[in-house]
Amino acid sequence: MDELQIQKENELIEAEYQALLADYLASNHRRKVAIIEKAFKFACQAHHGVRRRSGEPYIMHPIAVARIVAGEIGLGSTSICSALLHDVVEDTEYTVEDIENLFGAKIASIVAGLTKISGGVFGEKASAQAENFRKLLLTMSDDIRVVLIKMADRLHNMRTLGSMPPAKQYKIAGETQYIYAPLANRLGLYALKTELEDLSFKYEHPDKYEQLSRLMENSKQERDKLYELFSKPLQEKLESLGFKFEIHSRVKSIYSIWRKMQAKNIPFEEVFDILAMRIVFDVESESEEKKTCWSIYSAITDVYKPHPERLRDWVNTPKANGYEALHVTVMGPTGQWVEVQIRSRRMDDIAEKGFAAHWKYKTGEKDDSELEKWLQTIKELLENPEPNAIDFLDTFKLNLFASEIFVFTPHGDIKTLPQGSTALDFAFSLHTDIGMHCIGAKVNHKLVPLSYVLNSGDQVEVLTSSKQNPTSEWINYVTTARAKSKIRALFKKEFKSFMNKGEHDLKSFFEKNSLSPSPDNIAKIMEHFHETKKENLLYKVGKGIVSLEELMNTVFKSKAQSRWMKYWKLTFGGGKNDDGIFNLPIFGNKKVPVKNTLTLTEDNSGVTYRIADCCSPIPGDDILGFMEEDGMLVVHKRQCPVAMRLKSNYGERIISAVWETHKMLSFPATIELKGIDRMGMLSDIVKVITEEHAVNVTKVHVETNDGMFEGFVTVYVHDVEDVNNLCVHLVKIQGISSVNRVENN
């Protein structure tokens, strides 16, 4: 490298470092620039000459992570130094002792915590992935800054993911969406969570991401007009009342828009809540916040009519991640519903920067906050770890609940629980002894069983008896990780015995029916029996609660009968060695392609794969391949929940895949139709499908109600293009208002 290039790189590094200092000095932390300067110089020297995959000097990564830590999470000099040094121990000759001698015990402890969970939370093997995650959680209970810096590290890796091969992109994007984004949400890091989700979506569905980005850009002018029209009367009203405030527009993230389109099966044009307003106000003291929130709410509803069922009060009952705000949805001047979020400056800080800000505003009175309770639950979970590391990961996932319910004790105290919690979960949340002796509960003064699912607003009184003893069936009555771990610890011996028997029975079933004991097949069985955890399935099989024999007529019926479960040749691009043979690492006794992209063709010779039954992708869908232990490749949609779990737990077996044009083979697709009913409607629909498009119909289900109809038609098509063409022609039929493909994911 010539001197001019070295000089340019040094100038770039220095510019980034100065930007980091500017971020730090703009905060209200104490000015400890000297130690940051020392850490920067030390990291520069340690990583000298090393480059990232993108080709840039390695030191740019620690500086970028430190900038996120300082500017986007709002942490101070200790965290900034730790971020600058976070890869030194792992990648160079220096030890934790060296860091301690130079920078002190606290920074050394954080760097040590980050080194323990290096290489991403997940290692190369499935069990190591979850074991590493257990280490992350242990460090969380010691010093939360370890996790916050790790989140910054992951965010920068996601921002620079473009330099990775596709299979690696899917693995990293998958585990980001499975664990990191929910964890960011749980820690109240809303801005990080949103960006992590958007970046995961960008790499998993690049075409859809680009399409939605264009649609967002094209509709920007229209949104700006609505913002001006909507905000002006509010601005005038609030100013006249003497409030000190700022009003901003908040645009829904691309991933959230896509998820809503998928969930409600609607086009982009029908997503009406893309724009929301945020009012951030200033008050003299925290005691005035609640009153000011409701005063502003009152002023808003004087200007615009509120939606009677869309008031969200997180001021009186904050979310479990510490989020506080008042949300009201009102009818705007153009006949559109618009959400307005009302927050104080403190609430806004906590909403954007999460845990760091939560601590900053701590007064000592709120040590029992939901966030502290959640961390306590994590500590308890670590004291009674799952026997299987991957099951542990899934148990923890239970605790990353996205939505909560609020229930009341008989004395009127509020308790926060995950959605879907039962009366027995509530009993365990009060105290382990109460849970162990629970015989039932009174919900809103009515007697209910232990398995009763609670709703937000319920008042719950737990009934106990000293004679009550838990039974192993209780595991089926609870959904929270805390209750499950307590019951499982009590029946560890019995569970282990039945689980071992279940494992033996399951193995015998696979052998008897010539099936592979692959994660994909096990996932299908779990889905059939509505189980989310493998150990619960094994326990039920071993105890005889569920029968495996029925599976050959249900889950694995397609093995013999399915018309689309065919095998094709896989072609690989690049990656050959000198002998013209692909460089494939050994997995079991099979060679697994990692860096090459599969092209799915109609030729049925050579290496084989099959379509996953859980999501049934068709040509044109974004897909990926998963290598099973017997060498079979299973093709999933990228957004399939089963694939999401596989990416997180078995990332090294993920292979990128693309479709070749298919015009011989047919695949099932379901289309949803809605509209105004009339005589001959069904006849017209079938005519368009069978006569104009020559498509085979396998199932039709139509219901009418008060002159409206809703129908589902399953057809066999060659690819997504066929489905889209069919939808375009069906929507032209008189009376039909909407036609959409039902996404089976």
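No hydrogens, no waters, no symmetry mates; every other heavy atom, side chains included, goes into these values.
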At their closest point, which heavy atom of [X] faces which heavy atom of [Y], and how far apart are they?
X	Y	answer
Thr479	Asp425	N-OD2, 2.9 Å
Ala351	Tyr190	O-CB, 3.2 Å
Ser451	Thr422	O-CG2, 3.6 Å
Gly440	Cys438	O-SG, 3.4 Å
Lys290	Asn316	NZ-OD1, 3.0 Å
Tyr180	Lys150	OH-CE, 3.7 Å

| message | Once side chain to side chain donor-acceptor pair (under 3.5 Å) is applied, what residue pairs with a partner in residues 73-82 remain, sequence neighbours excluded? | response |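 Side chain to side chain donor-acceptor pair (under 3.5 Å) check on residues 73-82 returns no pairs.
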| query | Hey, is CD on Glu222 packed in by over 12 heavy atoms from elsewhere, all under 6.0 Å? | reply |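 Count not over threshold, so no.
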| message | With a 6.0 Å cut-off (strictly less than), is the heavy-atom count around CD of Glu284, excluding the residue itself, greater than 12? | response |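 Counting other residues, nucleotides and ligands, CD of Glu284 stays at 12 neighbours or fewer.
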Can you check whether [X] reaches [Y] side chain to side chain, under 4.5 Å on heavy atoms?
X	Y	value
Lys208	Gln639	no
Ile296	Leu326	no
Ser344	Thr292	no
Ile63	Phe40	yes
Ile107	Ile35	yes
Met158	Lys202	no
Phe201	Arg259	no
Val330	Val303	no

Can you tell me how far [atom2] of [Y] sits from [atom1] of [X], rounded to the nearest 0.5 angstrom?
X	Y	atom1	atom2	value
Leu212	Met261	CG	CE	5.0 Å
Ile279	His248	CD1	NE2	10.0 Å
Thr464	Asp433	OG1	CG	10.0 Å
His205	Gln211	NE2	CD	12.5 Å
Glu270	Ser738	CD	OG	6.5 Å
Leu21	Glu37	CG	CD	7.0 Å

Name all residues meeting the side chain to side chain contact (heavy atoms under 4.5 Å, CB included) criterion together with [X]; count only those two or more places apart in sequence or in a different chain, and write none if there are none.
X	answer
Asp348	Arg278, Val280, Arg343, Glu352
Ala70	Leu20, Asp23, Ile80
Ala441	Ala423, Val448, Val460
Ala276	Arg250, Glu339

Whether [X] side chain and [Y] backbone form a donor-acceptor pair below 3.5 Å:
X	Y	answer
Tyr209	Ser200	no
Lys484	Val478	yes
Gln459	Thr409	yes
Tyr304	Leu234	no
Thr301	Tyr297	yes
Ser109	Ala105	no

| query | Is there a salt bridge (Lys or Arg N to Asp or Glu O under 4.0 Å) between Glu72 and Arg159 once you walk through the steps? | reply | CA-CA 14 Å; Glu72 297 179 48; Arg159 285 173 178 174; 3.0 Å; yes
| task | Verify side chain to side chain contact (heavy atoms under 4.5 Å, CB included) between Leu161 and Leu199, making sure each step is shown before the conclusion. | result | CA-CA 9 Å; Leu161 198 56; Leu199 288 168; over 6 Å; no
| message | Would Thr317 and Thr416 count as a side chain to side chain contact (heavy atoms under 4.5 Å, CB included) here? Give the steps. | response | CA-CA 9 Å; Thr317 50; Thr416 310; over 6 Å; no
| Is Glu288 salt-bridged to Lys244, going by a charged N under 4.0 Å from an acidic O? |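 Looking at Lys244 together with Glu288, the answer is no, because their closest N to O distance does not fall below 4.0 Å.
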| said: So that I can tick it off, tell me whether Lys220 and Asp224 are bridged by a salt bridge, with the cut-off set at under 4.0 angstrom between side-chain N and carboxylate O. | reply: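 Yes, charged N to carboxylate O under 4.0 Å.
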| task | Show your reasoning for whether side chain to side chain contact (heavy atoms under 4.5 Å, CB included) applies to Tyr227 and Ile247. | result | CA-CA 10 Å; Tyr227 170 71; Ile247 187 162; 4.0 Å; yes
| message | Is a donor from one side chain sitting under 3.5 angstrom from an acceptor on the other, for Thr176 and Arg154? | response |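 Side-chain D/A pair, Thr176 to Arg154: present.
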| task | Kindly indicate whether a cation-pi arrangement holds for Lys38 with Phe103, taking the cut-offs as under 6.0 Å to the six-membered ring centre and within 45° of the axis. | result |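 Cation-pi check for Lys38 and Phe103: passes.
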| Phe243 ring center within less than 6.0 Å of Phe281 ring center |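 Ring centres of Phe243 and Phe281 not closer than 6.0 Å.
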| task | Could you tell me how the ring of His61 sits relative to the ring of His86: parallel (under 30°), tilted (30 to 60°) or perpendicular (over 60°)? | result |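 Perpendicular, since the angle between the ring planes exceeds 60°.
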| message | Check the orientation of Trp258 and Tyr255. Use parallel for under 30°, tilted for 30 to 60°, and perpendicular for over 60°. | response |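 Aromatic pair Trp258/Tyr255 classed tilted.
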| Pairing residues for Asp282 by the side chain to side chain donor-acceptor pair (under 3.5 Å) criterion, not counting sequence neighbours |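 By the side chain to side chain donor-acceptor pair (under 3.5 Å) rule, Asp282 matches Arg345.
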| request: Report the C-alpha separation of Val69 and Leu148 in whole Å, then their side-chain angles, then the decisive distance to 0.1 Å, and conclude whether the side chain to side chain contact (heavy atoms under 4.5 Å, CB included) test is met. | output: CA-CA 8 Å; Val69 163; Leu148 297 174; over 6 Å; no
